[in-house]
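Following: one structure in structure tokens, then a few remarks.
This structure is a prediction, so every number in the text was calculated from the model and none was measured. Per chain, numbering begins at 1; letters A, B, ... match sequence-line order.
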Protein chains: 2
Amino acid sequence: MNISRASDYAIRGLVYMAKQPAGTVCFVKDIAKNTNSPASFMSKIFQTLAKSAIVNSFTGTKGGFTFNIQPENITIKQVIEIIDGPILLNRCAVNKSACNEIGNCDVHYMWVDIRKILIKALNSYSIADFAKDKKNSKEVLSQSMQYS
Amino acid sequence: MNISRASDYAIRGLVYMAKQPAGTVCFVKDIAKNTNSPASFMSKIFQTLAKSAIVNSFTGTKGGFTFNIQPENITIKQVIEIIDGPILLNRCAVNKSACNEIGNCDVHYMWVDIRKILIKALNSYSIADFAKDKKNSKEVLSQSMQYS
DNA sequence: TCTAAATAAGATATGAATTATCTTATATTA
DNA sequence: TAATATAAGATAATTCATATCTTATTTAGA
């Protein structure tokens with residue numbers, strides 16, 4: 001019921017990138033250093049992000065990563081699904097035939113319901129939301145209050 | 001971001017128990033058979049449920065499990081936390097000092113927010129909700145619709 | 001043009017957690 | 001008291017998350 005370290009690192013790494021001037025080519029080395037994460041692991045995470053269309057990668061000296069999609073349009077849900085795979089909660093929430101109960105799964109609709117709520121919440125935040133200055137950061141905070 | 005097989009089995013097992021007449025002593029063998037799950041695994045799961053105060057266990061012939069708390073008062077969130085451990089989403093959502101970012105974690109408030117939403121949803125369902133007859137099952141269905 | 005250096009890509013290894021099974025202890029009843 | 005039915009506890013296997021190591025690619029300078 002928790003996100004993986006890899007997803008956490010991915011989000012923090014993308015937020016770091018979004019804080020740089022638009023178009024900056026970022027090195028894994030710097031991304032890792034500024035997010036307190038192991039560079040070798042971050043490297044593999046960014047490989048996966050590059051295979052999806054989220055970021056571009058350039059090999060060789062002066063290579064690195066840039067955004068391929070505006071950080072405003074990258075939601076937390078997208079990042080988690082790229083790194084951790086689809087958010088199902090329970091396998092029966094998506095594929096009813098995967099339910100253990102033959103023909104009649106008691107809990108199917110609950111998982112469909114809760115999944116919808118969770119995905120909506122995860123889609124309500126973008127990477128850009130965390131790259132703003134402190135004034136804007138407080139707006140994020142007050143946005144969170146409306147749910148409490 | 002998904003619940004474990006163990007939590008899924010636990011929920012289905014408790015729902016099966018809740019469908020029996022109140023006070024019935026249920027055997028793991030029957031619980032497993034009626035939920036399409038491996039009896040040996042279900043046995044270990046019910047050990048854990050018994051260590052928490054959710055169910056009582058009785059050893060020996062005619063032993064088995066009964067509810068120690070009314071199924072109406074056992075929420076899905078409780079079951080998941082007993083089996084899978086605390087629902088954090090991200091470790092920084094609960095313990096801010098566990099954030100990678102030293103002194104200033106960009107995403108902390110997001111995780112606090114989303115966790116609150118998820119836990120509210122998981123607490124809105126009890127084991128008893130799934131032990132009702134078909135007429136009531138449809139009420140659960142329409143309840144789910146209000147979120148869509 | 002060749003060599004060195006800096007980078008990402010890809011392959012491999014480690015370790016922890018999940019999932020499952022096997023063995024032991026306990027209680028009942030005939 | 002012996003046999004049986006049950007849960008409890010110990011152990012094993014598998015999978016997945018996490019991390020590291022090796023290779024390929026590009027650039028720049030000699």
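Residue A/Asn2 contributes atom CG, which lies 10 Å from atom P of D/dT18 at whole-angstrom precision. Across the protein-nucleic acid pair, A/Ile3 atom CD1 and D/dT18 atom C1' stand 14 Å apart, rounded to whole Å. Atom P of nucleotide D/dA17 and atom CG of A/Asp8 are separated by 15 Å, given to the nearest angstrom. Rounded to whole angstrom, the span from the CZ atom of B/Phe46 across to the C1' atom of D/dA7 amounts to 12 Å. Look at CD1 on A/Ile45: it is 13 Å from C1' on D/dT20, rounded to the nearest Å. The OH-C1' distance, from A/Tyr9 to D/dA19, rounds to 10 Å in whole Å. In this structure, B/Asp30 places its CG atom 8 Å from P of D/dT6, rounding to the nearest Å. Rounded to an integer number of Å, the gap from CZ of B/Phe27 to C1' of D/dA7 is 11 Å.
The line from CG of A/Asp84 to CE of B/Met1 is 8.5 Å long, rounded to the nearest 0.5 Å.
No side-chain heavy atom of A/Asp106 sits under 4.5 Å from any side-chain heavy atom of B/Ile11. At least one side-chain heavy atom of A/Ile127 sits less than 4.5 Å from a side-chain heavy atom of A/Ile76. Between B/Leu118 and B/Leu89, some side-chain heavy-atom pair lies under the 4.5 Å cut-off.
Positionally, the nearest nucleotide of DNA chain D for B/Lys29 lies more toward the 5' end than for the other of B/Gln47 and B/Lys29. With DNA chain C read from its 5' end, the first of the two nearest nucleotides for A/Gly64 and A/Lys44 is the one closest to A/Gly64.
Nucleotides of DNA chain C with any atom under 4.0 Å from a heavy atom of chain B span, from 5' to 3', C/dT19 to C/dT28.
Heavy atoms of B/Ser40 sit under 4.0 angstrom from at least one base atom. Across all strands, B/Ser4 comes closer than 4.0 Å only to sugar-phosphate atoms, never to a base (heavy-atom distances).
Judged by distance alone, the side chains of B/Asp113 and A/Tyr125 do bring a donor and an acceptor atom under 3.5 Å apart.
Judged purely by atom type and a 3.5 angstrom limit, A/Thr24 has no side-chain atom pairing as donor or acceptor with the backbone of A/Cys26.
Under a cut-off of 6.0 angstrom, the local environment of CD in B/Gln70 is sparse, with at most 12 non-hydrogen atoms contributed by other residues, nucleotides or ligands.
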Begin with the C-alpha distance, continue with both residues' side-chain angles, and end with the deciding distance and a verdict on side chain to side chain contact (heavy atoms under 4.5 Å, CB included) for A/Met17 and A/Ile31.
CA-CA 7 Å; A/Met17 279 183 65; A/Ile31 296 170; 4.1 Å; yes
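Here B/Arg5 pairs with B/Asp8 in a salt bridge; the nearest charged N to carboxylate O distance falls below 4.0 Å.
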Polar pairs (N or O, both sides) under 3.5 Å between protein and nucleotides 26-30 of chain D?
| residue | atom | partner | partner atom | Å |
| --- | --- | --- | --- | --- |
| D/dT26 | O2 | A/Thr61 | N | 3.1 |
| D/dT26 | O2 | A/Thr61 | OG1 | 3.3 |

